[in-house]
Amino acid sequence: VEALAGNYPMLRTHLDQNAFGEIALAYLDDHPSTYVSIRTFGMQLPAWLDQRRVAEPWLGEFAALEWALGCAFDSLDSTAIGVDALAKLRPDDWATLTFRFSSALRRLTFKTNAASLYEAAANARTPPDGRPSDATQWLIWRRDLRAQYRSLSLDEAVALDVLLADGRFADACEQLAQIGDEDSVPLRAAAFLKRWLLDELVIELRPESVP
């Protein structure tokens with residue numbers, strides 16, 4: 001129980017110690033630890049909450065966010081490239097350009113206000129009531145030895161997901177053209193790319209010259 005609380009301190013704060021303890025013991029019954037590292041013991045808690053606390057779907061998403069932040073913090077170190085790396089690209093590189101991202105990067109989609117509940121717990125504020133919401137997109141990563149998260153617009157999420165799936169930059173732009181003004185695609189894509197570089201998400205650009 002102490003190990004689980006160490007992985008989910010904000011969830012324990014949100015629920016209070018007694019309620020968290022009850023969840024921890026029930027989770028332990030269903031998922032006794034079989035791992036060498038106690039750090040991995042809580043890996044299945046988000047999915048377990050989704051199944052066991054169906055009436056409170058924000059709890060599973062809250063746990064998913066906290067687990068992703070912990071994984072981002074624990075991820076292997078990598079060296080991000082800066083905006084200057086773009087100057088080394090040739091014009092014909094962009095059509096087949098692919099990206100390699102930091103191992104700390106995580107993507108989540110929420111259908112509740114779980115992120116607001118997490119923020120309230122992290123800042124010792126009275127939380128709002130948990131409730132369903134329209135789908136929101138979230139990015140989790142680490143920068144300067146600090147795990148961070150922020151919301152994504154739909155078009156940024158779509159572009160990023162294409163690239164995370166080993167799609168090309170041109171494929172991401174094609175998807176952007178389908179969900180917004182086609183004429184604004186270059187400007188939108190450039191803005192996203194600059195933000196990813198400044199956030200230290202990108203560790204390699206992989207251009208392949210067009211035959």
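Starting from 1, each residue takes its place in the sequence as its number.
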For the pair Arg90 and Asp92, find out whether any cationic side-chain nitrogen is under 4.0 Å from an anionic carboxylate oxygen.
yes
Please tell me whether Tyr27 and Phe41 form a close aromatic pair, meaning their ring centres lie under 6.0 Å apart.
yes
For the rings on Tyr149 and Tyr118, is their centre-to-centre separation under 6.0 Å?
yes
Tell me whether [X] at atom [atom1] has more than 12 heavy atoms from other residues, nucleotides or ligands lying less than 6.0 Å away.
X	atom1	result
Gln17	CD	no
Glu182	CD	no
Arg146	CZ	no

Arg39 charged N/C atom sitting above Trp67 aromatic ring, 6.0 Å / 45°:
yes
Would you compute the distance between atom [atom1] of [X] and atom [atom2] of [Y] and round it to the nearest 0.5 angstrom?
X	Y	atom1	atom2	answer
Leu154	Asp134	CG	CG	11.5 Å
Leu152	Gln137	CG	CD	7.0 Å
Leu205	Leu89	CG	CG	5.5 Å

Looking only at heavy atoms, what is the nearest atom pair of [X] and [Y], with distance?
X	Y	result
Leu145	Phe73	O-CE1, 3.4 Å
Leu49	Ala63	CD1-CB, 3.8 Å
Trp48	Asp30	NE1-OD2, 2.8 Å
Ser33	Leu28	N-CD1, 4.4 Å
Trp94	Leu86	CH2-CD2, 3.9 Å
Ala114	Phe62	CB-N, 3.6 Å

Given Phe99 and Leu201, is the side-chain contact (heavy atoms from CB on, under 4.5 Å) satisfied, shown in steps?
CA-CA 10 Å; Phe99 291 65; Leu201 301 179; over 6 Å; no
Return yes if some donor-acceptor pair links the side-chain N/O of Asn113 with the main-chain N/O of Asp129 below 3.5 Å, else return no.
yes
Kindly say whether Lys111 contributes a backbone atom to a donor-acceptor pair with the side chain of Glu61 at under 3.5 angstrom?
yes
Ser153 and Phe192, any side-chain heavy atoms less than 4.5 Å apart:
yes
With a 4.5 Å cut-off on side-chain heavy atoms, are Leu160 and Trp196 touching?
yes
Would you say Leu105 ends up clustered with Ile203 if hydrophobic residues are merged whenever their side chains have heavy atoms under 4.5 Å apart, either directly or through other cluster members?
no
